[in-house]
Participant: 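The structure's right below; bear with me while I get my questions together.
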Amino acid sequence: MAFGWIDEQAAARRRAGLVRTLRPRPADSPLLDLASNDYLGLARHPEVVAGAEGAARTWGAGATGSRLVTGTTELHTALERELADFCGFEAALVFSSGYAANLAAVTALAPHGSLIVSDAGNHASLIDGCRLARGTTQVVAHAYPDAVRKALGTHDGPALAVSDTVFSVDGDAAPLAGLAEACREHGAGLVVDDAHGLGVLGAGGRGAPHAAGLAGADDVVVTVTLSKSLGSQGGAVLGPARVVEHLVNAARTFIFDTGLAPAAAGAALAAVRLLGREPERAARARAVATGLHARLTAAGLEAVRPDAAVVSVRAPSPEEAVRWAADCRAAGLFVGCFRPPSVPDGISRLRLTARADLTEEQIERAVQVIGGTRP
């Protein structure tokens with residue numbers, strides 16, 4: 001029977017307690033949200049929503065075509081210019097998603113004969129970029145510049161190191177300065193995904209590369225998503241102008257994809273401008289994360305110290321992690337639940353996201369619910 005193997009895989013997932021389901025949320029959910037990536041609370045900010053509305057009214061509901069045909073508007077180029085300026089890079093290129101941006105950066109910058117050195121904790125989009133690239137990939141120990149250095153030393157030719165700046169599962173930060181040093185010793189490029197750093201780290205939320213002194217470097221390329229701190233949707237690649245020009249001509253997820261919808265571009269542009277005026281939002285998100293961690297550990301829970309806005313709480317097993325998250329929802333708190341295969345180390349977790357707009361009362365309530373429902 002066609003697709004009969006799907007039933008076998010579904011049964012295996014059920015036995016392992018790894019079935020995933022969609023839970024549509026209402027527009028006015030009563031749950032306290034510590035699961036989304038809306039780190040700065042901008043997804044519903046009036047200025048950001050107005051940016052989306054104004055763009056849709058001006059440019060229409062869709063981009064109408066690929067970026068190289070009709071899908072590039074003056075709004076897209078304004079977003080690229082202001083995003084690059086905000087983060088400290090020469091140029092930017094906007095994609096329909098952060099996933100597409102990562103695929104573009106890795107595949108277009110790793111031709112035949114190249115080596116890609118990839119951190120073991122990288123996001124799935126970077127991993128998929130490595131799989132699709134024509135170069136050879138070597139996976140190295142997590143957040144370990146000496147492992148990158150050793151791998152690069154075995155290769156004679158174009159090379160690239162690829163890493164998240166803030167890893168999405170535990171919220172720990174990559175040693176960017178050490179990675180850049182290792183790459184420069186071997187003439188390799190560095191591509192980093194700042195999805196969880198933009199809006200949280202760096203001066204006024206300008207990102208982890210900016211904080212590490214790497215913004216604008218001619219051997220560093222940064223990918224970002226517009227769907228987390230900026231509260232919109234889409235992605236972008238930031239870097240030297242010649243790299244961006246190369247992506248326009250070589251990146252398949254740019255050339256063959258419809259451009260980002262104007263509403264998303266307008267919302268992201270409004271968010272960048274808002275963050276430029278209110279840089280304290282980034283510091284507040286970090287403070288909320290630190291406060292969450294302190295209160296959770298004081299309550300006897302095993303929480304990973306956050307380097308940005310993600311706080312990870314260890315769970316005893318996949319089944320108990322799912323049950324724990326469900327009990328939190330029943331008590332009015334929405335938290336993320338990460339388990340294999342999303343976490344390759346086999347350790348299941350509740351994943352909490354700190355938001356700049358959370359009050360002290362909400363933080364305390366969240367800690368009480370998590371502690372009161374622990375397995």
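In this chain, residues are counted from 1 in sequence order. Quick note: numbers below take in every heavy atom, side chains included, and nothing from hydrogens, waters or symmetry partners. For clarity, every value in this text was computed on a predicted model and none was experimentally measured.
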Participant: Shortest non-hydrogen contact from Ala285 to Tyr39?
Facilitator: CB-O, 4.0 Å
Participant: Assess the residue pair Glu302 and Arg374 against the criterion (salt bridge (Lys or Arg N to Asp or Glu O under 4.0 Å)); give the C-alpha distance rounded to whole Å, side-chain angles, the decisive distance to 0.1 Å, and a yes or no.
Facilitator: CA-CA 11 Å; Glu302 186 181 356; Arg374 77 178 76 183; over 6 Å; no
Participant: Any side-chain heavy-atom pair from Leu201 and Arg206 closer than 4.5 angstrom?
Facilitator: no
Participant: I need the minimum non-hydrogen distance between Asp307 and Asp172, along with the two atoms involved.
Facilitator: OD2-CA, 3.3 Å
Participant: State plainly whether the residues Arg349 and Asp170 are in salt-bridge range, i.e. N to O under 4.0 Å.
Facilitator: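 Yes, this pair counts.
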Participant: When hydrophobic residues are tied together by side-chain contacts of less than 4.5 Å, even through go-betweens, does Phe338 share a cluster with Val19?
Facilitator: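 No; Val19 is not reachable from Phe338 via cluster members.
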Participant: Can a salt bridge be assigned to the pair Arg67 and Glu80 using a cut-off of 4.0 Å between side-chain N and carboxylate O?
Facilitator: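 Salt bridge present between Arg67 and Glu80.
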Participant: Does Asn249, at its CG atom, have more than 12 non-hydrogen atoms belonging to other residues, nucleotides or ligands within less than 6.0 Å?
Facilitator: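 Buried by this count: over 12 neighbours within 6.0 Å.
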Participant: Considering all heavy atoms of both residues, which atom of Ala84 and which atom of Ala91 are nearest to each other, and what is their separation?
Facilitator: CB-C, 3.7 Å
Participant: Please name the pair of heavy atoms, one in Ala151 and one in Val140, separated by the smallest distance, quoted to 0.1 Å.
Facilitator: CB-CG1, 4.0 Å
Participant: Just verifying a value: how many Å separate Asp218 CG and Phe89 CZ, rounded to the nearest 0.5 Å?
Facilitator: 11.0 Å
Participant: Does Glu185, at its CD atom, have more than 12 non-hydrogen atoms belonging to other residues, nucleotides or ligands within less than 6.0 Å?
Facilitator: yes
Participant: For a side-chain hydrogen bond (donor to acceptor under 3.5 Å, both in side chains) check, start with the C-alpha distance between His76 and Thr73, then their side-chain angles and the critical distance, and finish with the verdict.
Facilitator: CA-CA 5 Å; His76 290 81; Thr73 69; 2.7 Å; yes
Participant: Any chance the side chains of Tyr144 and Asp119 put a donor and an acceptor closer than 3.5 Å?
Facilitator: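 Looking only at side-chain atoms, Asp119 and Tyr144 do not form any donor-acceptor pair under 3.5 Å.
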Participant: Roughly how far, to the nearest 0.5 Å, is the CG atom of Asp164 from the CG atom of Leu176?
Facilitator: 10.0 Å
Participant: Membership question, hydrophobic clusters at under 4.5 Å side-chain separation (ILVMFWY): are Leu275 and Val224 in the same one?
Facilitator: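 Yes; Leu275 is reachable from Val224 via cluster members.
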Participant: Leu198 and Val272: same hydrophobic cluster, using ILVMFWY side-chain contacts below 4.5 Å?
Facilitator: yes
Participant: With a 4.0 Å cut-off on N to O distance, would you call Asp357 and Arg44 a salt bridge?
Facilitator: no
Participant: Taking the basic N atoms (NZ, or NE/NH1/NH2) and the acidic carboxylate oxygens, is any pair closer than 4.0 Å for Arg284 and Glu278?
Facilitator: no
Participant: How far does CG of Asp193 sit from CG of Leu126, to the nearest 0.5 angstrom?
Facilitator: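 Rounded to the nearest 0.5 Å, the CG-CG separation comes to 5.0 Å.
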Participant: Do other residues, nucleotides or ligands put more than 12 heavy atoms under 6.0 Å from Arg305 CZ?
Facilitator: no
Participant: Specify the closest pair of heavy atoms between Thr258 and Ser96, including all atoms of both residues, with the distance to one decimal.
Facilitator: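 Where Thr258 meets Ser96 most closely, the heavy atoms are O-CB, 3.9 Å.
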Participant: Walk me through it: do Ser118 and Thr137 pass the test side-chain hydrogen bond (donor to acceptor under 3.5 Å, both in side chains)?
Facilitator: CA-CA 7 Å; Ser118 177; Thr137 298; over 6 Å; no
Participant: Start with the C-alpha gap between Asp194 and Thr165, add the side-chain angles, then the distance that decides, and say whether side-chain hydrogen bond (donor to acceptor under 3.5 Å, both in side chains) holds.
Facilitator: CA-CA 5 Å; Asp194 201 33; Thr165 64; 2.5 Å; yes
Participant: Would you check, one step at a time, whether the test side-chain hydrogen bond (donor to acceptor under 3.5 Å, both in side chains) holds for Asp257 with Thr253?
Facilitator: CA-CA 6 Å; Asp257 193 18; Thr253 55; over 6 Å; no
Participant: Do the charged groups of Arg184 and Asp219 touch, with an N to O distance under 4.0 Å?
Facilitator: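 Looking at Arg184 and Asp219, the cut-off is met.
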Participant: Is there a path from Val192 to Val237 through hydrophobic residues (I, L, V, M, F, W, Y) whose side chains come within less than 4.5 Å of each other?
Facilitator: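 Looking at the clustering, Val237 is in a separate group from Val192.
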Participant: Does a salt bridge link Glu74 with Arg81, judged by any charged N lying under 4.0 Å from a carboxylate O?
Facilitator: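 Looking at Glu74 and Arg81, the cut-off is not met.
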Participant: What distance do Arg365 atom CZ and Leu32 atom CG have between them, rounded to the nearest 0.5 Å?
Facilitator: 5.0 Å
Participant: With ring centroids as reference points, do His196 and Phe167 lie under 6.0 angstrom apart?
Facilitator: no
Participant: Rounded at 0.5 Å granularity, tell me how far CZ in Arg339 sits from CG in Leu350.
Facilitator: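 So the gap between those two atoms works out to 11.5 Å.
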Participant: Taking all non-hydrogen atoms of both residues, which atom of Arg295 and which atom of Glu360 are closest, and how far apart?
Facilitator: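 Looks like NH2-OE1, 2.7 Å.
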Participant: Are the charged groups of Arg323 and Glu319 less than 4.0 angstrom apart, N to O?
Facilitator: no
Participant: Going hydrophobic residue to hydrophobic residue with side-chain gaps under 4.5 angstrom, can you get from Val243 over to Leu68?
Facilitator: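 Val243 and Leu68: one cluster.
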